[in-house]
Structure formats: C-alpha cells, structure tokens
Amino acid sequence: IRALLLCSCLGLLRPGGGQPFLRLRPSPSDNLPVKDIVEHPDPEYDPKEQDLDERTLRKKLGSHFDPGFMAVAVPGPTNASGAEAAAAGRGRAALPAELRRLELGPPRGPRLKVGKKARRKVLQWLWAYTYCPVLYTWKDLGVRFWPRYIKEGNCFAEKSCSLPEGMFCKPVKSVTKTFLRWHCQGWSSQKYCTWIPVQYPLISECKCSC
C-alpha cells in the first residue's frame with residue numbers, strides 16, 4: 001500500500017553545534033502502523049498552556065475532528081488481549097463470499113458431500129485461520145499533537161493465518177486522519193511556533209498474505 005506517512009525528515013542545527021531538532025513532513029512509505037516519532041527532548045519546543053485551548057483547536061481542526069479515532073483526554077483502557085479481540089471480531093464478521101462458495105474436496109477429485117451443519121462447521125474452522133481483523137488500540141502521540149490520542153489499527157499477527165502455515169495478516173488498505181501538529185521554526189527566542197495540519201495514516205483493512 002502507498003500511504004502518506006508522517007516522518008521526522010529534516011534536522012535543523014542550532015548555532016554553536018547544538019543538537020538538531022526534527023519536524024514532520026509527509027513521505028511515501030509502505031510501512032504501517034506509523035513508527036513512534038523522534039521528538040526533540042527540550043520542553044521549550046512544547047506548546048504552552050495558552051496554546052492548548054480546546055475550543056480554539058477544535059475550531060482550527062474543524063470537520064476533521066473524528067471522535068471515533070481521536071481523543072483529547074486519556075481514553076478508557078481496553079482489557080481484551082489480541083487473541084480475544086480477534087475472536088470477538090471474527091464472531092461479528094460475516095463469512096466471506098469466497099468461503100461460502102468453496103467446494104469441499106480435493107482440487108481435481110470429486111466434490112465431498114457433507115451435510116449443511118458439517119459444512120458450516122468446516123467453513124467456520126477455515127474462517128478462524130484466514131480471518132484478519134484490524135485490532136485497534138489507543139496511542140499517545142504526545143503533547144505536540146492535537147488531539148493527543150489516536151485509535152491506531154494493527155493487523156493480528158500472533159499466528160499464521162493459512163494452512164499450511166506461512167502466511168500472515170498484513171495491511172492492505174489505509175485511511176488518513178488529519179491532526180494538528182505543533183511545529184517550530186528557528187531557535188531560541190527567535191523561534192516561531194504554530195499548529196499545522198498533518199495527515200496521519202491508519203490501517204483500515206488486513207488480509208492474509210505472503
């Protein structure tokens with residue numbers, strides 16, 4: 001997949017050989033989810049209390065604010081393990097059409113005749129191995145993003161999704177959500193900081209793949 005990924009791609013040096021600080025720019029990449037951002041540790045580059053007025057930031061973000069994937073305050077914990085969440089998602093997902101049409105039996109042999117109940121159990125068993133849910137967890141992006149918390153998707157990868165084993169769940173589609181990023185230019189007392197919109201890609205679909 002091709003997606004706009006946020007990456008720390010430009011280091012600017014302070015006068016006198018100080019440490020570089022990094023800023024985000026969109027960059028094409030096939031790797032999702034987005035890796036943790038490398039931030040300059042100096043709190044001088046953090047937004048101040050007056051820069052974090054929720055009403056002002058909501059107005060600036062406008063219709064891009066998506067409460068299903070964004071949170072201003074710390075979201076509640078998710079207690080289910082990856083396997084439990086995958087099983088729950090599999091139970092809610094409809095059996096795909098390609099499995100419903102599957103003919104049981106060897107590729108070049110006669111069709112295997114089984115009852116409806118047995119056939120359903122076999123197909124559900126196959127579905128348990130090939131289903132690739134998107135598992136969502138809340139991620140703290142840090143004080144230099146607003147909203148600070150994002151519900152990020154991951155593909156279930158605790159076991160192979162094929163028989164025989166060898167294939168795994170991998171991302172095949174993504175969507176982008178627009179966040180605000182605190183961005184500083186310059187240094188020391190001459191620096192200028194403001195909120196800028198940035199796109200953050202999220203996995204939206206996973207499939208069993210080599």
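Residue numbers count from 1 along this sequence.
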Let me have the donor-acceptor pairs involving side chains of residues 57-71, under 3.5 Å, with sequence neighbours excluded, atom names and distances please.
residue, atom, partner, partner atom, Å
Arg58, NE, Glu54, OE2, 2.9
Arg58, NH2, Glu54, OE2, 3.3
Asp66, OD1, Gly68, N, 3.0
Asp66, OD2, Lys177, NZ, 2.7

(message) Under the rule for side-chain hydrogen bond (donor to acceptor under 3.5 Å, both in side chains), what residues qualify as partners of Thr178, not counting sequence neighbours?
(response) none
(request) Output the distance between atom OG (Ser162) and atom CE (Met167), rounded to the nearest 0.5 Å. (result) 5.5 Å
Which pairs of donor and acceptor atoms, one on a side chain in residues 202-210, lie under 3.5 Å apart (sequence neighbours left out)?
residue, atom, partner, partner atom, Å
Ser204, OG, Lys173, O, 3.3
Ser204, OG, Ser174, N, 3.4

(message) As an exercise, state the distance from CH2 of Trp195 to NE2 of His183, rounded to the nearest 0.5 Å.
(response) 12.5 Å
(request) Taking salt bridge (charged side-chain N to carboxylate O under 4.0 Å, His left out) as the test, write out the residues that go with Asp46, two or more places apart. (result) Arg144
(message) Testing the basics here: between Pro75 and Trp138, what is the closest heavy-atom pair and its distance to 0.1 Å?
(response) CG-CD2, 3.4 Å
(request) Give a yes or no on whether Leu135 and Phe168 share a hydrophobic cluster (residues Ile, Leu, Val, Met, Phe, Trp, Tyr; joining criterion: side-chain heavy atoms under 4.5 Å apart). (result) no
(request) Quick one: which residue pairs count as a salt bridge (Lys or Arg N to Asp or Glu O under 4.0 Å) with a foot in residues 126-141, not counting sequence neighbours? (result) Asp36-Lys139, Lys139-Glu152, Asp140-Arg148
(request) State which residues pass side-chain contact (heavy atoms from CB on, under 4.5 Å) with Asp53; sequence neighbours excluded, sorted by chain then number. (result) Arg55, Thr56
(request) In a single word, yes or no, tell whether Cys161 and Cys132 have an SG-SG distance below 2.5 angstrom. (result) no
(message) If you count heavy atoms of other groups shown closer than 6.0 angstrom to CD of Glu165, is the number above 12?
(response) no
(request) To the nearest 0.5 angstrom, please state how far the CG atom of Leu141 sits from the OH atom of Tyr149. (result) 9.5 Å
(request) Would you please classify the geometry between the His40 ring and the Tyr45 ring as parallel, tilted or perpendicular, with 30° and 60° separating the classes? (result) tilted
(message) To check you understand the geometry: which heavy-atom pair defines the closest contact between Tyr200 and Val34, and what is its length?
(response) OH-CB, 3.5 Å
